[in-house]
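For the numbers below, each heavy atom of this structure counts, side chains included, while hydrogens, waters and symmetry mates do not. Only a predicted model underlies this, so the values are computations on that prediction, with no experimental measurement involved. Each chain gets a letter, A, B and so on, in the order the sequences are listed, and its residues count up from 1.
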2 protein chains.
Amino acid sequence: MGRLPAKTASPGLATKLDRGVLPTLLGYVLRRAQSAVFANFASTFATAGAALTPGEFGLMVLVERNIGLSQMALARALGIDRSTLVPILDRLQARGLLVRRHSPTDGRTHALALTPSGGKALARFTRLVGAHEKRIASSLSTAEIRTLIRLLEKVRADARSV
Amino acid sequence: MGRLPAKTASPGLATKLDRGVLPTLLGYVLRRAQSAVFANFASTFATAGAALTPGEFGLMVLVERNIGLSQMALARALGIDRSTLVPILDRLQARGLLVRRHSPTDGRTHALALTPSGGKALARFTRLVGAHEKRIASSLSTAEIRTLIRLLEKVRADARSV
DNA sequence: GATAATTTGTTTGATCCCCAAACAATCTCC
DNA sequence: GGAGATTGTTTGGGGATCAAACAAATTATC
C-alpha cells in the first residue's frame with residue numbers, strides 16, 4: 001500500500017494533517033485509544049484462532065461469577081437493552097459456550113450459566129486477555145496503569161452524573 | 001426504573017454482582033469510560049437540540065482545518081475504510097454542512113469543504129463540546145487531565161504497535 | 001505516446017451493535 | 001382472583017464496519 005508521500009498533487013496532504021483542537025480533547029483521545037485497544041484485542045484473538053469480542057468476554061466473566069444470573073440483570077450490568085442481549089446470547093449458546101436454563105423459582109427468567117466447554121474456553125480466553133493487556137500497556141509502569149484506571153473511573157463517574 | 005433491590009427471588013442479584021477480574025483490566029475500564037463519555041456527548045447535544053456524534057464532530061474539524069481534503073485522506077485520518085465514509089458524508093452533505101467539490105487537479109478525488117452554514121454550525125458544536133469536556137472531567141484537575149491524555153496516547157501507541 | 005497498473009469514490013452484501021415498541025407468559029401485590 | 005409490573009422475545013429502524021467489485025481517472029511503464 002502506498003505509504004510514501006506519493007506526491008499528492010493538490011489537496012495537499014503529503015504534509016501532516018492538522019487536527020486542530022482534537023488532540024486536546026479527552027473524549028477524542030479516549031475514543032482513539034479505545035479503538036486501538038479494540039483492534040489489538042481482535043488481532044490477539046484472531047492470531048490465536050479464537051473468536052471473541054471484548055463485550056462477549058465481559059459477558060462470559062459476569063455469567064461465570066454470578067451463576068444463575070437473569071438476562072435482565074446481565075443487561076443492566078452491561079449497560080445495554082435487554083433486547084440487544086438476545087442475539088448475543090443466541091450466538092454464544094449456538095457455540096455451546098453458554099446455556100439458558102429454566103429458573104426453578106421464576107418462570108419468566110432464564111438462569112444463565114456457562115457450559116463446561118464454555119468454562120474451559122473462558123479460562124483460555126482469560127489467558128489471551130492477559131497477554132493482550134500486557135501489550136496495550138507495555139510502555140506503562142504498574143503505577144501508571146493504576147493511575148490510568150483510577151482516572152478513567154473518575155471520568156466515568158463524572159460522565160454518568162449528568 | 002426499579003432501582004431498589006426489588007427482592008430478586010432466585011438468581012440472587014439483590015446483592016451486588018461480582019465482576020471478577022474485569023475492574024482490573026485496562027481494556028474493560030477504558031471501554032466503560034468511553035461508553036459513558038459517548039452517552040454524555042449524546043445527551044449534551046440532545047439537550048441543546050443539536051444532533052451530532054463524536055465521529056461527525058471529529059470529521060468536521062478535520063475538514064475545516066484541511067480544506068480540500070480528499071475522502072481517502074480523510075478516511076485514513078479517521079482510521080476507517082473509504083466505503084464507510086460515503087454514507088457519513090452523504091448525511092452531512094444532505095444537512096447542508098459539507099460539500100464535495102470537484103478537485104481541479106485530480107478528477108478522481110473530491111475536495112471536501114464545510115459550507116458557510118457548516119462552519120457556523122461547527123463553531124456552535126465546538127462550544128457544546130467544550131461544555132461536555134468540562135463535565136466529563138469535572139472531578140479532575142488540569143494536571144490529571146494532562147496525565148490522563150498522555151497515558152491514553154501511550155496506550156494507543158502500544159496497542160497499535162502490535 | 002500507448003498500454004498496463006494503481007488510485008479514488010461508489011455500490012452492494014454481509015455482520016454487528018443499539019434502541020424502542022409491542023406481545024405473551026409469568027409473577028407480585030392488593 | 002384480578003390489576004399491574006417484569007421478563008424474554010420479536011420486529012422495525014438506525015448506524016458502523018469491512019470486503020469485494022466497478023467505472024472513471026491518474027500514474028507508471030515501456
Joint cluster assignment, B/F41 & A/L30, ILVMFWY side-chain distance < 4.5 Å: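 No, because B/F41 and A/L30 fall into different hydrophobic clusters, even though each may have its own neighbours under 4.5 Å.
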Nearest-Å distance, [atom1] ([X]) to [atom2] ([N])?
| X | N | atom1 | atom2 | result |
| --- | --- | --- | --- | --- |
| A/F38 | D/dA16 | CZ | P | 15 Å |
| A/M72 | D/dT9 | CE | P | 13 Å |
| B/D90 | C/dT12 | CG | P | 12 Å |
| A/L78 | C/dC19 | CG | P | 11 Å |
| B/L89 | C/dT10 | CG | P | 8 Å |
| B/R76 | D/dC18 | CZ | C1' | 17 Å |
| B/H110 | D/dA24 | NE2 | P | 14 Å |
| B/R82 | C/dT10 | CZ | P | 11 Å |

Trace of the side chain to side chain donor-acceptor pair (under 3.5 Å) decision for B/R100 with B/Q71: CA-CA 9 Å; B/R100 289 186 249 222; B/Q71 295 185 196; 3.2 Å; yes
Contact pattern, 5' to 3', of nucleotides 13-18 of chain C - B, S or - by protein heavy atom under 4.0 Å: ----SS
Centroid-centroid distance, B/F45 to B/F125, less than 6.0 Å: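 When the ring centroids of B/F45 and B/F125 are compared, they turn out to be within the sub-6.0 Å range.
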Within the side chain of [X], is there an N or O that forms a donor-acceptor pair under 3.5 Å with the backbone of [Y]?
| X | Y | value |
| --- | --- | --- |
| A/E133 | A/G130 | no |
| A/T44 | A/N40 | yes |
| A/E153 | A/R150 | no |
| A/K154 | B/A137 | no |

B/Q71 side chain near C/dT7 phosphate (N/O to OP1/OP2, under 4.0 Å):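 Checking C/dT7 against B/Q71, no side-chain N or O comes under 4.0 Å of OP1 or OP2.
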Below 4.0 Å: OP1/OP2 of C/dT10 and any side-chain N or O of B/R100: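 For C/dT10, OP1/OP2 do have a side-chain N/O of B/R100 under 4.0 Å.
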Any N/O donor-acceptor pair, B/T109 side-chain to D/dA25 base, under 3.5 Å: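 It does not, because no donor-acceptor pair links the side chain of B/T109 to the base of D/dA25 below 3.5 Å.
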Selection from D/dT9, D/dT7, C/dT11 that lies nearest to any side-chain heavy atom of B/V86: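 Of the options given, the side chain of B/V86 lies nearest C/dT11.
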Given D/dG8, C/dT8, C/dA25, the nucleotide with the shortest approach to the side chain of A/R108: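 Of the options given, the side chain of A/R108 lies nearest C/dA25.
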